[in-house]
Chemist: 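Once you've had a glance at the structure underneath, I'll fire off some questions.
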Amino acid sequence: MSQVRQPDDGRRPTGAHGYRAAGRGASARRRALAQLTSTAPVLPALVVTVVVLADLAGGAGMYWLPLLAAGPALAATTNGPRGVLCVGLLAVALGASLGAWDGYPRRELVAVLSALVAVTLASALASGLRAGRERVLAAVRSVAETAQHALLKPVPATVGPFQVAVRYSAAAAEARIGGDLYALIPTPYGVRLIVGDVRGKGLPAVGTAALVLGVFREAAWDEPDLLAVVDRIERSLARNLGSDDFVTAVIAGHPGEGRLEMVNCGHAPPLLVRASGDVEAVEPPQPAPPLGLRGLTDHAPGLQVLPFTDGDQLLLYTDGVTEARDGGRAFYPLDEGLARHVCHDPDRTLDALHGELLEHVGGRLDDDAALLLVRKPTAAEAAAPAGADGRDVAAEAA
């Protein structure tokens, strides 16, 4: 590990304890400075100072003094009640001094100063209410993040024989959680995964997503047949969902080398990327209703078997991706974007794809969006040692 040489100015602390003490002192000074700059009402005080200088330069307090109220009003948006009161007291004191200096009529001066006091008190109250709302929002975000980590558990970079990457964006940005769902787990019958979209948004959708994922994780481990996993989820939803609720989903499994099983229940078709770079949509052989609606139709989902060999990739996604529109109401072309950005590293591919998607919509999605990409490494990549940063040496060389 390289070291940075310190300049020798003759005042170096001696010994390890001296270095640690100096480091602690510098760190404490930096923390104090950062805290001061983040809490001190610097900008509001600067506004008050500008008004005072304008009054001194123009010598017309009658026109400039009311503008001192901008100081505490601005402080209410950036500081707590104490900072607002400090700026307000500064504005009142300077206003009284300038009014006396300019010979401002006593009655008018009292009216202006009273207005300053009223604005200061109202701004302090608004600042307190804002701080309370921010604390509540922070608590809600913390709970939402905890719920999301429990519901959508982090997916490791490799699961079984696959490289994996996931990107998820909730439409309810403040809550950071939505109704899209995904999971990928190793089982005695191979790696199995699900990507789905719950009808609706908010807490009811989150509850349904939690139900689907809980049943999937249990059934994927217990059931040797992938269709039996789907049946378990269907039965659970039939008991617990309302008549208008449903979940679209793709459930897939890798029972052995060279093939992939898939069941599509009313969901958008996954995109299969061959090792050659060709992208094709995996349409189901027969239409099947979403999960929770099978009782309303006589169509049952069928099992689809695909060849899936070294270098192949499969992208599963929700409709928040394909229904994303730009300012001209044009949909995002996911297949074209995938063909442009696909590479040997799923994480890098989804970084580029997700960034392009957000750029297409102008930075904010109107619906929950999930992307899950799995890739089967080649035999050479699987046998190559990992680099110092954890990346595959063979993959980097490709």
Side-chain angles (χ1 to χ4, degrees), residues 152 155 159-169 180-185 190-198 209 212-213 216 220 226-227 229-230 233 246-255 258-291 301-324 331-344 346-347 349-350 352-354 356-357 367-377:
L152 302 177
V155 175
V159 178
F162 297 119
Q163 297 172 285
V164 185
V166 174
R167 293 296 180 274
Y168 177 80
S169 298
D180 286 3
L181 58 96
Y182 60 83
L184 187 146
I185 57 175
V191 174
R192 286 177 169 175
L193 61 95
I194 182 173
V195 170
D197 187 359
V198 179
V212 172
L213 289 175
F216 169 76
L226 194 64
L227 283 174
V229 176
V230 178
I233 300 174
F246 59 85
V247 180
T248 66
V250 172
I251 299 93
H254 181 254
R259 64 194 183 101
L260 196 70
E261 296 179 345
M262 188 179 304
V263 180
N264 191 326
C265 299
H267 198 74
L271 296 177
L272 180 63
V273 185
R274 293 300 181 189
S276 60
D278 295 334
V279 179
E280 58 185 89
V282 183
E283 297 286 353
Q286 60 186 38
L291 295 168
L303 185 68
Q304 190 174 6
V305 181
L306 306 171
F308 198 73
T309 58
D310 291 354
D312 288 347
Q313 304 186 53
L314 184 71
L315 177 67
L316 298 98
Y317 55 92
T318 58
D319 60 7
V321 178
T322 52
E323 294 180 2
F331 292 108
Y332 176 68
L334 179 60
D335 53 349
E336 297 175 11
L338 181 59
R340 277 193 300 271
H341 298 298
V342 67
C343 65
H344 59 266
D347 200 61
T349 300
L350 287 196
L353 202 59
H354 191 256
E356 187 176 88
L357 173 64
D367 195 6
D368 305 329
L371 294 159
L372 188 150
L373 180 63
V374 296
R375 179 179 184 269
K376 181 69 166 62

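The first residue of the sequence shown is numbered 1, and numbering continues consecutively from there.
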Chemist: Could you tell me if the side chain of Val164 sits less than 4.5 Å from the side chain of Phe162, heavy atoms only?
Modeler: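 Yes. Closest side-chain heavy atoms under 4.5 Å.
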
Chemist: Could you grab the distance from atom NE2 of His341 to atom CD of Glu336, nearest 0.5 Å is fine?
Modeler: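 The CD atom of Glu336 is 11.0 Å from NE2 of His341, to the nearest 0.5 Å.
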
Chemist: So how far is it from Tyr168 OH to Asp368 CG, rounded to the nearest 0.5 Å?
Modeler: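 One finds 4.5 Å between OH of Tyr168 and CG of Asp368.
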
Chemist: Shortest non-hydrogen contact from Pro307 to Asp312?
Modeler: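 So the minimum-distance heavy-atom pair works out to O-OD2, 4.1 Å.
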
Chemist: Of all the heavy-atom pairs spanning Gly337 and Glu356, show the shortest one and how long it is.
Modeler: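 Looking at all heavy atoms of both residues, the closest pair is CA-OE1, 3.7 Å.
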
Chemist: Verify, without hydrogens or angle tests, whether Arg340 (side chain) and Leu353 (backbone) share a donor-acceptor contact under 3.5 angstrom.
Modeler: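 Answer holds: no.
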
Chemist: With Cys265, which of Ile233, Val247, Leu291 fulfils side chain to side chain contact (heavy atoms under 4.5 Å, CB included)?
Modeler: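 Filter result, single survivor: Leu291.
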
Chemist: Do Leu193 and Met262 touch side chain to side chain, with heavy atoms closer than 4.5 Å?
Modeler: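 They are not in contact (no side-chain heavy atoms under 4.5 Å apart), so the answer is no.
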
Chemist: Of the options Val263, Asn264, Ile251, which is the one that meets Pro301 in a side chain to side chain contact (heavy atoms under 4.5 Å, CB included)?
Modeler: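 Among Val263, Asn264, Ile251, the one meeting side chain to side chain contact (heavy atoms under 4.5 Å, CB included) with Pro301 is Val263.
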
Chemist: Start with the C-alpha gap between Leu184 and Val374, add the side-chain angles, then the distance that decides, and say whether side-chain contact (heavy atoms from CB on, under 4.5 Å) holds.
Modeler: CA-CA 10 Å; Leu184 187 146; Val374 296; 3.5 Å; yes

Chemist: Distance-only, no hydrogens or angles: does the Thr349 side chain make a donor-acceptor pair with backbone N or O of Cys343 under 3.5 Å?
Modeler: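 A pair under 3.5 Å: yes.
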
Chemist: What heavy-atom pair brings Pro346 and His344 nearest, and what distance separates the two atoms?
Modeler: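 Taking every non-hydrogen atom into account, CD-O, 3.5 Å.
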
Chemist: Identify which one of Leu373, Leu338, Asp335 satisfies the side chain to side chain contact (heavy atoms under 4.5 Å, CB included) criterion when paired with Val273.
Modeler: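 Among Leu373, Leu338, Asp335, the one meeting side chain to side chain contact (heavy atoms under 4.5 Å, CB included) with Val273 is Leu338.
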
Chemist: What is the distance from atom CG of Leu271 to atom CD of Gln313, rounded to the nearest 0.5 Å?
Modeler: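 Those atoms lie 11.5 Å apart.
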
Chemist: Measure from the side-chain N and O atoms of Glu261 to the backbone N and O of Arg192, and report whether any donor-acceptor pair falls under 3.5 Å.
Modeler: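 Flag not set: sc Glu261 to bb Arg192 has no pair under 3.5 Å.
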
Chemist: Distance-only criterion, 3.5 Å: show the donor-acceptor pairs between side-chain atoms of residues 314-324 and protein atoms not counting sequence neighbours.
Modeler:
unit_1: Tyr317; atom_1: OH; unit_2: Pro269; atom_2: O; d: 2.6
unit_1: Thr318; atom_1: OG1; unit_2: Asp180; atom_2: OD2; d: 2.6
unit_1: Thr318; atom_1: OG1; unit_2: Ala370; atom_2: N; d: 3.0

Chemist: Let me confirm one number: the CD-CG distance from Glu280 to Leu272, rounded to the nearest 0.5 Å.
Modeler: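 It comes to 5.0 Å.
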
Chemist: What's the separation between atom NE2 in His267 and atom CG in Asp197, rounded to the nearest 0.5 Å?
Modeler: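 It is 6.5 Å, given to the nearest 0.5 Å.
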
Chemist: How long is the gap from CG on Leu181 to OG1 on Thr248, to the nearest 0.5 Å?
Modeler: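 Rounded to the nearest 0.5 Å, the CG-OG1 separation comes to 8.5 Å.
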
Chemist: Pro377 versus Arg375: any side-chain heavy-atom pair under 4.5 Å?
Modeler: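 Yes. Closest side-chain heavy atoms under 4.5 Å.
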
Chemist: Would you say the side chain of Val159 lies within less than 4.5 Å of the side chain of Ile185, judging by non-hydrogen atoms?
Modeler: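 Side-chain contact under 4.5 Å: no.
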
Chemist: Do you know the tightest heavy-atom contact between Val250 and Pro270?
Modeler: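 Taking Val250 first and Pro270 second, the nearest heavy atoms are CG1-CG, 4.0 Å.
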
